Amino acid sequence: MSEEKSLNFIEEIISQDLASGKYDSILTRFPPEPNGYLHIGHAKSICLNFGLAKHFGGKTNLRFDDTNPVKEDIEYVDSIKEDVKWLGFEWAKECYASDYFDQLYAFAMQLIEKGLAYVDDSTAEEIAQQKGTPTVPGTGNAFRNRSIEENKTLFAEMKAGKYADGEKVLRAKIDLASPNMHMRDPLLYRIKRAHHHRTGDQWCIYPMYDFAHGQSDSIENITHSICTLEFIPHRALYDWCIEQLGIYPSHQYEFARLNMTYTVMSKRKLLQLVEEGYVQSWDDPRMPTISGMRRRGYTAESIRDFCDRIGIAKRENIIDLSLLEFCVREHLNKIAQRRMVVTNPIKLVITNYDKGEEILHSENNPEDPNGGTREVPFSNELWIEREDFMEEPTKKYFRLGPGLSVRLKSAYIVTCDNFEKDAAGNITTVYATYNPDSKSGQDTSGIHVKGTLHWVSAKHAVPVVLNEYDRLFSVEDLSNAEGDFKDYINPNSLKAVEAYAERALAKDALDARFQFLRKGYFYQDTNSTKEKLVFNRTVTLKDTWAKEQKK
RNA sequence: UGCCUGAUGGUGUAACGGUAGCACAACUGUUUUUGGUGCAGUUUGUCUUGGUUCGAAUCCAGGUCAGGCAACCA
């Protein structure tokens with residue numbers, strides 16, 4: 001018997017709506033503005049909206065909220081579609097608010113005819129001033145009393161291009177004294193001569209968010225319109241428009257957006273990082289964008305799992321980056337191909353190995369009994385990690401040092417006899433003897449060692465580059481940090497290192513997921529070529545030895 | 001000195017008047033040919049003051065704190 005997972009508050013509402021017969025089925029929507037790339041916060045919304053539909057047997061539309069042509073671009077539309085698909089979701093309809101411009105214009109005329117909207121000639125500053133403050137009611141102006149006929153004519157002229165940008169706006173006539181600032185005669189339309197990525201130069205007036213979003217929901221018969229907390233005060237206006245227009249009553253519900261430690265989650269800030277060169281692109285693997293995470297090696301499955309675990313609620317939150325890392329490690333541990341790569345090499349010479357070389361076999365994935373093995377060439381000269389040798393080992397050090405023995409993964413047990421240093425005192429070569437009876441899988445030596453090292457045969461090694469990423473920012477909670485968020489950028493968020501990889505890696509598929517033994521999970525970068533293999537570190541392995549050392 | 005949200009361990013999230021649970025993090029131990037994984041375990045919490053009740057995280061009243069709202073942005 002599986003324990004029933006408790007419902008979040010939105011699922012609760014939907015179950016009740018379905019049980020009461022209010023709806024036969026539900027329709028949700030994911031409504032990004034195409035003015036930037038999607039990030040992990042959007043993934044939360046995508047998983048929520050599509051997940052709800054899946055859970056309750058409904059559908060989800062993808063709708064582009066493209067009512068502000070100066071900020072929007074087709075590049076963003078394309079990337080958004082790609083990201084949603086990659087995350088594993090299929091939308092029922094691909095919609096655009098701009099497809100409803102004619103309908104929206106007619107809605108506005110309807111409001112004018114009901115005496116509920118008027119053309120205002122005031123400047124932005126005047127309007128702002130006349131709105132009052134949260135504690136002081138707004139004041140009207142003469143334009144508020146224009147006749148219905150005059151308003152109709154004026155609005156039609158606005159559409160026809162008779163007026164300059166900013167010369168006039170259309171406003172709803174609601175309540176200038178409302179305690180909700182959004183109800184103090186909100187703007188419905190503004191004049192803006194800008195090229196729209198879909199409607200071109202057909203329009204010079206564009207509806208505001210509040211006069212587009214709810215109406216679009218209604219046109220599509222969205223049952224549950226889910227958005228983030230900052231839209232709570234807009235809900236009164238959302239409902240007002242629907243009621244006055246007498247159109248399909250979609251309902252808005254709000255949840256808390258995602259925040260994460262050590263990163264930012266605002267398109268404006270992310271755009272700044274790109275434009276000012278702090279990262280290379282929107283899909284830079286350090287970015288919290290879907291495309292960046294994809295390039296870094298995150299799997300769609302792990303992101304979905306993450307979104308599932310963080311939950312949906314109304315309280316502000318900041319999620320530990322470690323939860324995201326846990327999710328991706330958990331998935332990658334199951335599917336990643338194990339390979340050996342040495343990043344900071346010293347030479348290990350096996351003095352009694354006189355076979356020249358031999359082919360050994362190593363499991364591709366100990367988690368997967370059907371994962372098979374691969375061939376790994378072994379010889380008397382190997383690369384091992386510099387940190388795997390210590391001249392004067394401490395008590396808890398399980399690796400190589402004078403007189404110490406270790407297992408070479410999938411190979412033999414070796415014992416260190418000697419080592420060499422250069423003039424500067426750096427270890428250059430370690431000498432060891434191997435035990436021929438300790439071959440992996442057929443070990444009859446009876447020797448037990450505590451440490452196992454990864455290694456690469458020197459003459460078979462393939463040079464590769466590893467991009468080792470660290471968190472983008474150096475403070476946990478950017479919202480509590482004083483000053484400019486860019487002051488907290490981690491200057492060491494990317495370290496590109498040269499490394500020696502085992503031969504098999506050169507032949508592996510481009511999109512394979514790897515675990516470089518004892519180093520972390522890696523994924524081939526989009527710029528990687530056969531001539532120059534480049535891997536991005538998705539996430540390190542958990543490292544309890546590093547913790548031990550800090551003590 | 002307006003209106004709207006919200007407040008449960010370090011971080012999230014459950015408990016719908018009846019045993020404060022789960023996950024991540026942290027810490028033990030154990031297994032391990034990855035100091036990985038697995039397994040077992042430990043630590044840590046109901047913002048506050050009253051009230052209702054046999055019984056309150058939950059209901060009521062007051063307070064405190066945090067966030068949002070006054071873009072021709074979404």
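Every value quoted in this text rests on a predicted model; they were computed, and no experiment measured them. Residue numbering restarts at 1 for every chain, and letters A, B, ... go by the order of the sequence lines.
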Original post:
With no hydrogens and no angle check, do the side chains of A/Asn259 and A/Ser479 hold a donor and an acceptor under 3.5 Å apart?
Top reply: no
**OP:** Would you kindly compare A/Asp65 and A/Asn8 by the position of their nearest RNA chain B nucleotide and give the one closer to the 5′ end?
**Re:** A/Asn8
**OP:** With C1' as the reference atom in both, quote the distance from B/A20 to B/U8 in angstrom, rounded to an integer.
**Re:** 8 Å
Original post:
If you measure from the Lys or Arg side-chain nitrogens to the Asp or Glu carboxylate oxygens, is any gap between A/Glu167 and A/Lys162 under 4.0 Å?
Top reply: no
Original post:
Closest nucleotide of RNA chain B for A/Leu229 versus for A/Asp210: which of these residues is on the 5' side?
Top reply: A/Leu229
Original post:
Does any N or O donor sit under 3.5 Å from an N or O acceptor when you compare the side chain of A/Glu12 with the base of B/C16?
Top reply: yes
Subject >> Side-chain donor-acceptor pair present, A/Asn365, A/Asp368, cut-off under 3.5 Å >> reply: no
**OP:** Convert the base pairs of RNA chain B into dot-bracket notation, remembering that pairs crossing earlier ones are written with [ ] and that bases paired across to another strand are shown as |; include only Watson-Crick or G-U pairs under 3.5 Å.
**Re:** .((((((..((((....[..)))).(((((.......)))))....(((((..]....))))))))))).....
**OP:** Can you figure out which of B/G2, B/C73, B/C72 approaches the side chain of A/Ala124 most closely?
**Re:** B/C72
**OP:** Taking atom types as modelled, find out whether A/Asp305 and A/His331 have a side-chain donor-acceptor pair closer than 3.5 angstrom.
**Re:** no
**OP:** Indicate yes or no: does A/Asp217 engage A/Arg63 in a salt bridge with an N to O separation below 4.0 Å.
**Re:** yes
Subject >> Presence of donor-acceptor pair under 3.5 Å, side chain of A/His234 and base of B/A74 >> reply: yes
Subject >> Minimum-distance nucleotide to A/Pro366 side chain [options: B/A14, B/C69, B/G36] >> reply: B/G36
Original post:
Under 4.0 Å between a side-chain N/O of A/Lys192 and OP1 or OP2 of B/C73, yes or no?
Top reply: yes
**OP:** Taking only the side-chain nitrogens and oxygens of A/Arg518, find out if one of them lies under 4.0 Å from OP1 or OP2 of B/G35.
**Re:** yes
Original post:
Is any N or O donor-acceptor pair between the side chain of A/Asp320 and the base of B/G10 shorter than 3.5 Å?
Top reply: yes
Original post:
Within the modelled atom types, does a donor on one side and an acceptor on the other bring the side chain of A/Glu316 and the base of B/U5 under 3.5 Å apart?
Top reply: no
**OP:** For nucleotides B/A14 and B/G9, find the distance between their C1' atoms and express it as a whole number of Å.
**Re:** 14 Å
**OP:** Assess whether one donor atom and one acceptor atom, taken from the side chain of A/Arg315 and the base of B/U13, lie less than 3.5 Å apart.
**Re:** no
Original post:
Does a distance-only test, which skips hydrogens and angles, find a donor-acceptor pair under 3.5 Å between the side chain of A/Glu254 and the base of B/G68?
Top reply: no
Original post:
Considering only the P atoms, how many Å lie between B/U28 and B/G17, rounded to the nearest integer?
Top reply: 42 Å
**OP:** Could you work out the separation of B/G29 and B/G35 based on their C1' atoms and round it to a whole Å?
**Re:** 15 Å
Original post:
For the side chain of A/Ser322, counting heavy atoms from C-beta on, which of B/C24, B/C3, B/U13 is nearest?
Top reply: B/C24
Original post:
What about A/Arg338, does its side chain sit under 3.5 Å from the base of B/U34 through a donor-acceptor pair?
Top reply: yes
Original post:
Do A/Phe255 and A/Phe9 have ring centroids that are under 6.0 Å from one another?
Top reply: no
**OP:** Kindly say whether the aromatic ring centers of A/Tyr100 and A/Phe107 come within a distance under 6.0 Å.
**Re:** no
Subject >> Test of ring centre spacing under 6.0 Å for A/His234 and A/Tyr238 >> reply: no
Subject >> Candidate nucleotides B/U37, B/A15, B/A70, ranked by approach to the side chain of A/Ser6 - the nearest >> reply: B/A15
Subject >> Sugar-phosphate only, base, or nothing, as touched by A/Leu453 at under 4.0 Å among non-hydrogen atoms >> reply: nothing
Original post:
What nucleotide, of B/A70, B/A14, B/C73, holds the atom closest to the side chain of A/Thr133?
Top reply: B/A70
Original post:
What's the CD-P distance between A/Glu325 and B/A25, to the nearest Å?
Top reply: 10 Å
**OP:** Using the six-membered ring for Trp and the full ring for Phe, Tyr or His, decide whether A/Trp545 stacks on the six-membered base ring of B/G35 (centres under 5.5 Å, planes under 30°).
**Re:** yes
**OP:** Confirm from the modelled atom types if A/Ser440 and B/U33 form a donor-acceptor pair under 3.5 Å, side chain to base only.
**Re:** yes
**OP:** Tell me yes or no: between the side chains of A/Glu385 and A/Asn344, is some donor less than 3.5 Å from an acceptor?
**Re:** no
